[in-house]
Engineer: 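Got a structure here, written out as structure tokens. Questions coming.
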There are 2 protein chains.
Amino acid sequence: MATIREVASRASVSVGTVSNVLSGTVPVSTRLRDRVLAVVRELDYQPNQLAQSLKSRHTKMIGMVLRDITDPLFPQMMRGAKDAAWARNYLLVMLDSDAKVEREQQILVALRTRRVDGILLAPTGPEESHIRAVRDAGVPIVCLGRELPGLGLDCVLADNYKGAHQSVVHLASMGNRSIAFLHGDRADPVEQERFAGYRRGLQDAGLAFEASLEAGSHSGLDEGYRAGAALAKRNPRPNAILAADAMLAAGLLRALRDMGLRSPADIAIAAFDDPFCCDVLRPRLTAVAQPSYEIGAKAMEILLSRIHEPERRRSKTVLDTILHIRESSSPLSSAAT
Amino acid sequence: MATIREVASRASVSVGTVSNVLSGTVPVSTRLRDRVLAVVRELDYQPNQLAQSLKSRHTKMIGMVLRDITDPLFPQMMRGAKDAAWARNYLLVMLDSDAKVEREQQILVALRTRRVDGILLAPTGPEESHIRAVRDAGVPIVCLGRELPGLGLDCVLADNYKGAHQSVVHLASMGNRSIAFLHGDRADPVEQERFAGYRRGLQDAGLAFEASLEAGSHSGLDEGYRAGAALAKRNPRPNAILAADAMLAAGLLRALRDMGLRSPADIAIAAFDDPFCCDVLRPRLTAVAQPSYEIGAKAMEILLSRIHEPERRRSKTVLDTILHIRESSSPLSSAAT
DNA sequence: CTGAAAGCGCTTACAG
DNA sequence: CTGAAAGCGCTTACAG
């Protein structure tokens with residue numbers, strides 16, 4: 001690839017002059033300007049951003065580190081972040097940490113040595129010493145979807161508490177008196193928020209909570225099937241189930257079907273997050289959607305602000321979830337099975 | 001962040017020595033070595049990869065440019081590519097071109113100026129002049145999932161022709177005599193392969209093809225619903241439908257349900273690609289899956305080979321698809337609706 | 001084994 | 001307006 005020296009010599013000017021016409025920060029005579037531009041075109045010269053960055057101390061590049069690119073939560077989040085980045089002329093690159101802390105740590109180091117201007121992070125777990133290290137090195141980080149208690153990082157996340165509360169109130173308003181909670185990962189703080197909102201929703205709806213209303217111990221289709229079936233076999237059978245995620249709900253739906261039970265007639269269902277399959281399942285699944293696009297966009301704006309103003313106050317942004325009421329909780333919304 | 005000069009002065013050695021102990025390519029006395037390493041730890045010094053790359057002429061970074069990160073085809077592909085990259089100590093970063101050529105072009109330029117060592121590209125469309133430009137600049141590119149006719153790029157893709165053929169033979173073997181094809185984008189070369197395989201499958205199964213067996217003009221749930229319903233209303237009604245993608249099939253399924261038709265009893269269905277929802281739909285969808293993980297992994301291996309051996313012969317790798325037979329085409333596979 | 005120096009490809013004051 | 005020079009943070013021969 002051509003270097004600035006080559007275009008300078010071909011155009012018979014100094015490299016400084018080439019730099020000046022390209023950057024446009026210093027006036028250059030039209031004659032030289034045209035000569036330089038012609039050579040630039042002729043050679044298809046593109047400045048080496050590595051060299052530029054070395055001087056200018058910024059790369060105009062942001063890294064987005066995701067726990068699991070397979071999770072339907074993330075594509076929209078990335079879209080939001082990407083659009084916000086492009087709007088300010090930053091390049092957003094995405095990395096997948098595969099839900100492994102060591103991988104996350106390696107990625108963080110790789111990003112740091114490549115001097116990205118900032119990082120958007122959907123952390124893998126509670127472990128945070130490696131994150132602290134890169135924060136202490138001075139690279140701005142904003143957390144996606146959850147808050148890391150220890151480090152005072154900016155974060156933007158959905159209001160899981162309120163979302164759970166709202167869905168329980170909805171379920172109760174449809175006449176369901178006993179509403180169960182299907183757990184995924186009880187140790188996950190996000191799920192704990194959801195569970196807390198559920199408990200409070202029960203209370204506000206004047207409904208009782210008891211231990212027999214809880215089931216599930218990890219995520220996944222199979223666990224949804226297993227724990228969902230167990231729940232449906234309880235006597236008395238709960239009228240409704242709020243699942244901690246859509247995967248569990250899909251398994252649950254399968255279990256009901258195999259048991260000859262119908263939803264919402266026999267059991268109403270609602271689930272967290274709203275991957276595409278919710279709308280395609282039978283019955284269509286009522287879901288508490290996170291505003292993923294907005295989370296991504298907002299997080300990027302905050303990151304960019306912090307890059308340009310490192311001392312700004314740490315912020316925590318909480319965005320409302322959206323309740324999509326569909327067949328699985330509402331007999332009215334078209335012919336449900 | 002600390003620079004090599006800082007650690008050199010703190011350790012009272014020259015920067016060259018620091019570099020030598022860190023790279024390990026030149027022997028250094030234990031005394032100096034320990035002193036340097038101590039300071040490195042103390043300062044949490046990480047070499048600036050920008051500067052390193054400027055000298056060494058490689059960034060150890062690969063860009064993966066995807067047409068649509070929302071497409072369930074891609075997460076696994078990225079996993080495959082990422083694992084292959086890490087194994088050889090390269091960093092893989094992902095970019096989304098949003099199915100827009102201009103965006104793809106901007107990303108390609110951004111990647112080129114940042115001097116990535118190579119690019120994995122799932123191109124957005126037939127337009128290829130901007131791709132040619134970066135190839136001509138000398139950056140190795142391998143194409144994902146399709147072949148760009150004009151440029152002689154390495155590519156790795158699924159055998160769509162054979163996959164279609166196989167699924168038609170399967171459908172025919174289940175006793176279906178008239179098998180329709182539900183189109184997404186007729187201009188898409190990948191779909192054309194699929195359609196050709198379908199035609200040939202019909203022929204090999206001794207079945208007739210006629211124009212009334214074709215429907216659909218673009219992709220999406222709604223079009224699947226619309227064109228699927230049209231197909232199901234034809235007289236005589238086709239026994240089976242092969243959908244160009246799973247989204248179409250989901251819409252089609254919805255249409256059948258609304259028409260009071262059952263699958264596979266009234267109409268058998270198979271679809272291309274195998275997003276998660278295929279296994280969760282009711283009935284579960286028979287699908288021709290692309291070996292996404294393998295495509296990604298293989299493509300990365302080829303890219304890495306080309307990086308180290310630029311003159312190697314151009315290669316085209318075709319991987320077999322996998323037919324997942326499920327309820328929608330096989331009454332045997334559990335109680336189908 | 002160790003250090004001084006040149007150079008990777010740019011940008012940015014500073015003279016002229 | 002234009003060019004020569006210093007410097008960004010490294011690596012790599014080359015002396016010693």
Side-chain angles (χ1 to χ4, degrees), chain A residues 1-37 39-40 43-61 109-117 137-139, chain B residues 1-37 39-40 43-61 109-117 137-139:
Chain A
M1 298 202 211
T3 71
I4 199 174
R5 290 244 311 257
E6 285 165 39
V7 359
S9 81
R10 285 245 214 181
S12 311
V13 299
S14 72
V15 300
T17 299
V18 175
S19 180
N20 286 337
V21 352
L22 257 20
S23 72
T25 52
V26 172
V28 177
S29 72
T30 323
R31 214 167 48 85
L32 259 44
R33 206 169 163 290
D34 291 348
R35 235 158 67 199
V36 167
L37 257 19
V39 176
V40 163
L43 261 39
D44 188 21
Y45 167 69
Q46 306 256 6
N48 182 332
Q49 168 91 40
L50 259 26
Q52 287 185 161
S53 292
L54 194 56
K55 263 255 108 185
S56 67
R57 339 249 10 172
H58 57 249
T59 52
K60 287 285 190 175
M61 182 162 107
V109 168
L111 254 22
R112 173 182 166 192
T113 62
R114 283 177 179 77
R115 297 297 188 267
V116 294
D117 292 336
V139 5
Chain B
M1 297 203 213
T3 71
I4 199 173
R5 289 244 311 260
E6 286 166 38
V7 359
S9 83
R10 284 244 213 182
S12 313
V13 298
S14 72
V15 300
T17 299
V18 176
S19 179
N20 287 337
V21 351
L22 256 21
S23 72
T25 52
V26 171
V28 177
S29 71
T30 323
R31 215 167 48 86
L32 259 44
R33 206 170 163 289
D34 290 349
R35 234 158 67 198
V36 168
L37 256 19
V39 176
V40 163
L43 260 38
D44 188 21
Y45 167 70
Q46 306 256 7
N48 183 332
Q49 168 91 40
L50 258 26
Q52 287 185 162
S53 293
L54 193 56
K55 263 255 108 184
S56 67
R57 340 246 11 170
H58 57 248
T59 52
K60 287 286 191 174
M61 181 160 107
V109 168
L111 253 23
R112 174 182 166 192
T113 62
R114 282 176 179 78
R115 297 298 188 268
V116 293
D117 292 336
V139 5

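All chains are named by letter (A, B, ...) in the order of the sequence lines, taking the proteins before the strands, and each is independently numbered beginning at 1.
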Engineer: Let's see if you can work this out: which of D/dG9, D/dC10, C/dT11 has an atom nearest to the side-chain heavy atoms of B/L54?
Structural biologist: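 Minimum distance to the B/L54 side chain belongs to D/dG9.
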Engineer: Starting the side chain at C-beta, find the nucleotide from C/dG9, C/dG3, D/dT11 nearest to A/T3.
Structural biologist: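 Shortest atom-to-atom distance from the side chain points to C/dG9.
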Engineer: Can you check the B/R5 CZ to C/dG3 P distance for me, whole Å?
Structural biologist: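 Rounding to the nearest Å, CZ of B/R5 and P of C/dG3 are 15 Å apart.
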Engineer: Please tell me which of the listed nucleotides, D/dT2, D/dG9, C/dT2, lies nearest to the side chain of A/L32?
Structural biologist: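 My answer, after comparing the listed nucleotides, is D/dT2.
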Engineer: What is the distance, to the nearest angstrom, from the CE atom on B/M1 to the P atom on D/dG9?
Structural biologist: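 To the nearest whole Å, that distance equals 11 Å.
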Engineer: Without decimals, in angstroms, what is the distance between A/N48 CG and D/dC8 C1'?
Structural biologist: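 In whole Å, D/dC8 C1' and A/N48 CG are 13 Å from each other.
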Engineer: Using whole Å, what does the distance between atom P of nucleotide C/dG9 and atom CD of A/E6 come to?
Structural biologist: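 So the CD-P distance, A/E6 to C/dG9, works out to 8 Å.
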Engineer: Verify the contact: side-chain N or O of A/S14 to OP1 or OP2 of D/dA4, cut-off strictly under 4.0 Å; return yes or no.
Structural biologist: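 Result: no.
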Engineer: Would you please confirm or rule out a distance under 4.0 Å between OP1 or OP2 of D/dC1 and any side-chain N or O of A/S29?
Structural biologist: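 The answer is no; no side-chain N or O of A/S29 sits under 4.0 Å from OP1 or OP2.
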Engineer: Check the distance between D/dT11's C1' and A/L50's CG and give it to me in whole angstrom.
Structural biologist: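 Rounded to whole Å, this separation is 14 Å.
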Engineer: Dot-bracket for DNA chain D, please, read 5' to 3', with Watson-Crick or G-U wobble pairs under 3.5 Å on both distances, ( ) within the strand, [ ] crossing, | other strand, . unpaired.
Structural biologist: |||.||||||||.|||
Engineer: Side-chain N or O of A/T17 less than 4.0 angstrom from OP1 or OP2 on D/dT2?
Structural biologist: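 For D/dT2, neither OP1 nor OP2 has a side-chain N or O of A/T17 closer than 4.0 Å.
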Engineer: List the residues meeting side chain to side chain donor-acceptor pair (under 3.5 Å) with A/S14, not counting sequence neighbours, and say none if there are none.
Structural biologist: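 Side chain to side chain donor-acceptor pair (under 3.5 Å) check on A/S14 returns A/T17.
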Engineer: Between atom NZ in A/K60 and atom P in C/dT11, what is the gap in whole Å?
Structural biologist: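 Taking NZ of A/K60 and P of C/dT11, I get 14 Å after rounding.
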Engineer: Is there a donor-acceptor contact under 3.5 Å linking the side chains of B/S56 and B/Q52?
Structural biologist: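 Checked: B/S56/B/Q52 side chains show no N/O donor-acceptor pair below 3.5 Å.
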Engineer: Among the candidates C/dG3, C/dC10, D/dC10, find the nucleotide nearest to the side-chain atoms of B/V13.
Structural biologist: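 Of C/dG3, C/dC10, D/dC10, C/dG3 is nearest to the side chain of B/V13.
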Engineer: Output yes when at least one side-chain N/O atom of B/R57 is less than 4.0 Å from OP1 or OP2 of C/dG9, else no.
Structural biologist: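 So the side-chain polar atoms of B/R57 do come within 4.0 Å of the phosphate oxygens OP1 or OP2 of C/dG9, strictly under.
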